[in-house]
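Since the model is a prediction, treat every value here as computed from it, not as a measurement. So you know, we letter chains A, B, ... as the sequences are listed, proteins then strands, and number each from 1.
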4 protein chains.
Amino acid sequence: MSRTKEDEATPAPRWRRRKAERPSEMLEAALAVFIEKGFTAARIEDIARAAGVTKGTIYLYFPSKQAMFEAVIRQAMVSRLDEARALFERHEGPVAPLLRRIIEDFGPRLAMTNLAAIARLVIAEAGNFPEIARFYRHEVIARGEDLFGRIYAQGVAGGEFPDLPVDVVTKLVIGPVLITAIWRTTFAPVDERPFDPVAVISTHARVLTAGLRALAEEEKP
Amino acid sequence: MSRTKEDEATPAPRWRRRKAERPSEMLEAALAVFIEKGFTAARIEDIARAAGVTKGTIYLYFPSKQAMFEAVIRQAMVSRLDEARALFERHEGPVAPLLRRIIEDFGPRLAMTNLAAIARLVIAEAGNFPEIARFYRHEVIARGEDLFGRIYAQGVAGGEFPDLPVDVVTKLVIGPVLITAIWRTTFAPVDERPFDPVAVISTHARVLTAGLRALAEEEKP
Amino acid sequence: MSRTKEDEATPAPRWRRRKAERPSEMLEAALAVFIEKGFTAARIEDIARAAGVTKGTIYLYFPSKQAMFEAVIRQAMVSRLDEARALFERHEGPVAPLLRRIIEDFGPRLAMTNLAAIARLVIAEAGNFPEIARFYRHEVIARGEDLFGRIYAQGVAGGEFPDLPVDVVTKLVIGPVLITAIWRTTFAPVDERPFDPVAVISTHARVLTAGLRALAEEEKP
Amino acid sequence: MSRTKEDEATPAPRWRRRKAERPSEMLEAALAVFIEKGFTAARIEDIARAAGVTKGTIYLYFPSKQAMFEAVIRQAMVSRLDEARALFERHEGPVAPLLRRIIEDFGPRLAMTNLAAIARLVIAEAGNFPEIARFYRHEVIARGEDLFGRIYAQGVAGGEFPDLPVDVVTKLVIGPVLITAIWRTTFAPVDERPFDPVAVISTHARVLTAGLRALAEEEKP
DNA sequence: GATGAATGAGTCTTCATTCAT
DNA sequence: AATGAATGAAGACTCATTCAT
């Protein structure tokens, strides 16, 4: 592409105009910094440096550190939610043997990626950010329960699962996954003993499915 | 409560000699403030006020805010550890039906008291306080695993439990309890739907014991 | 000086971009404050105000009060060192009568300017700032001895000066100059009697040169 | 000495009543601490510990840290003044050869003992303690000049010394001694090269006496 | 007389936020 | 749009001084 006439008036800009991408680049950088240091200890300047901009620029896109934090969590979760939805919706057919596969697919995805760190971040800061807690509760967890609830309902209808409240069962599913996530990011770094998250999650899948199946049997007359 | 006559003559003294009691009063006050605000957002002056002393007094007993935080967690956990030990050691006899009782006794004690908030605090701050993480790992969790491990081993020996690694089983036991604790302190306050921690825990106990029993059956020839 | 019309429309801006000049302005202000109050008693805010900036700005240029102090002494001495070098190196030819001129040129320059106050400051704080002492020893004194040593060696070679260790002679040269400097800044302000530093220094020059000449004569066979 | 009847009523006290000695013990301890750290950096508690008492006790004897500092300097100097006086007054007879002995006796006594450190302390803090400066000027220096002045006057009368103002000559005498004292306490600790204070002082004595003698010769017709 | 627990004013230092360029 | 110099409020920590015991 040869330079045309208008180049005379408008010399090549030193930086490429990337207005649209900038904010989400910043959010990614911010996520990394928040994960590493937590909300308070993360300095705006750290985030700016990680994003390759300067402090002032952050404030062109976000009105405050707190607003940025909320946006960070939002974006991080939203971008994962679609993956999660796809994951859940892919599964069709008989659900009982599926539960195990769901846990084994979904578990490591939470426990082994930085979703674990995000979860820890949310847990840590929810007290100071009710807005975050509310968002997480309604946008993330509610959707997850919804997706999982439909699958579970099928299983109950088919006599594969006992008739328990879905929000309770969800917590039984998530609990050991969450503890695995937390363990990996919190205690494993200071622990000399090896820690095998996948083993925990697959054992969890086995025990839980076995337990649900057993209770379902009991319910039958 | 009206002021009595002698108040006129004897205004409140600036201080009263109470060296022995002071430190643990301060730790209690500090725990409350740390739980409410997190480590960084808690101001020493807040803690001092909550303890009924002034800033300077804090520094007579603790060399720094960080040291105080570590002491807070230590004292909070140590005082619970004995309860926990007693709880575990009381149980004797056949262990399979016991597991359920253990979860149902121990679970609410973690999920419903401020142990839940402490756990959240540890999770939130462990990244910035490796010392806390290490302490918690070695003093709190290791002991719990130890106590629980002995019980579980009996069950395995008696064919009541499947032969799984005890550290893995421990996480299956704790996971849903922990999520209950976190839920109560993190999401329940912003959630309009009712949340029944005890239901979660007792369901957990039922499903887990059923699952372990089922797997134990499978193991038998 | 009355405010002009445009003042109405343009109130003083919060700041003006002056990165290049700022640091040395701050160092000058800091020198004045440190001289007046000593290191510990000088408040960063005093220095900032004297420099026409606010506290925070100081920390944009110096990482700590201590670092600033070291920079202050360094800059104050380094800028004088070149003058001193020029002064010494200008002198050529026979050195014996020169010694007197050197003292009479150099003495008042130390005793009458704020070099005197800096010397006092260094003496006062060297105990708490070994780095300052070391810097002063190696950068300031060593250079002075070096310059002076070359001149003195010529005089010894020419039989004008006795063959004494140059570091000892240096102290004989400096001693009365230093006491003059200290006297002026320490005791003269509280003394009702008049004090004539120049008289002390010129008498010193006369007596010292006479003494050295006499000893040089003695050395000759 | 056997215990007598009144012992029954007055059992041996746990501590010996030493009201009279206590203050000067504290002053000695305080001197050491002030010398080591300077006025501001010296903590009352350091002094108390060094004196074997507690903070509160200090305030039974001195109304404030500043008052204590002034008392410290006073006592330290007063106790030395008598020695100095004795030293000066011992000397009698012809004064010219004596000057050298005076310097060689008195010099090391100032330069090598903690008088050097006290001098440094006074120089350092005089700005913040005009009272100290005044005391030192009038009580210490004036007396020294007085004693020395009588000797010098004899020498002038006898044609041994040139007719110079005694306050000027005093500074020529003291200057190299002072620089030796300061050097030893300020720069020698950070200097790898050896430093021989006595050599400086004896050279000083030789050069100064030679110089004064030479000028006295010039004055003669 | 002595103690030492308690106080609180004083200071350094950090960092989110602003705004002239 | 981007920069980065400057701001100033906020908070950890120190230590001279007080005073109940």
ask   = Do any of residues 35-59 of chain D sit with a heavy atom less than 4.0 Å from DNA chain E, and if so which?
value = D:V53, D:T54, D:K55, D:G56, D:T57
Please name the pair of heavy atoms, one in [X] and one in [Y], separated by the smallest distance, quoted to 0.1 Å.
| X | Y | answer |
| --- | --- | --- |
| A:F62 | A:P23 | CZ-O, 4.2 Å |
| C:Y136 | C:I73 | CD1-CG2, 4.5 Å |
| A:Y59 | A:S64 | CE2-CA, 4.1 Å |

Take atom [atom1] of [X] and atom [atom2] of [N], then tell me their distance rounded to the nearest Å.
| X | N | atom1 | atom2 | value |
| --- | --- | --- | --- | --- |
| D:K65 | F:dT14 | NZ | P | 15 Å |
| A:Q66 | E:dA16 | CD | P | 13 Å |
| A:F62 | E:dA16 | CZ | C1' | 16 Å |
| C:M68 | E:dT11 | CE | P | 17 Å |
| A:L60 | E:dT17 | CG | P | 14 Å |
| B:E25 | E:dA6 | CD | P | 10 Å |

request  = For DNA chain E, list all stems, counting runs of three or more consecutive pairs where every pair is Watson-Crick or G-U wobble with both distances under 3.5 Å.
outcome  = E:2-21 with F:2-21
inquiry  = By the salt bridge (Lys or Arg N to Asp or Glu O under 4.0 Å) test, which pairs, at least two apart or in different chains, include something from residues 53-73 of chain C?
reply    = none
Please tabulate, for side-chain N and O atoms in residues 35-52 of chain C, each donor-acceptor pair with protein atoms closer than 3.5 Å (sequence neighbours left out).
from, atom 1, to, atom 2, distance (Å)
C:K37, NZ, C:D46, OD2, 3.4
C:R43, NH1, C:D46, OD1, 2.8
C:D46, OD2, C:R43, N, 3.2

Inter- and intrachain pairs under side chain to side chain donor-acceptor pair (under 3.5 Å), touching residues 123-132 of chain A, at least two apart = A:E131-A:R134
remark   = Sorted by chain and residue number, the side-chain hydrogen bond (donor to acceptor under 3.5 Å, both in side chains) partners of D:Q75 (sequence neighbours excluded) come out as none
key: Residues in side-chain contact (heavy atoms from CB on, under 4.5 Å) contact with C:T54, at least two apart in sequence or another chain   = C:T57
query = Under 4.0 Å between a side-chain N/O of A:Y61 and OP1 or OP2 of F:dA1, yes or no?
reply = no
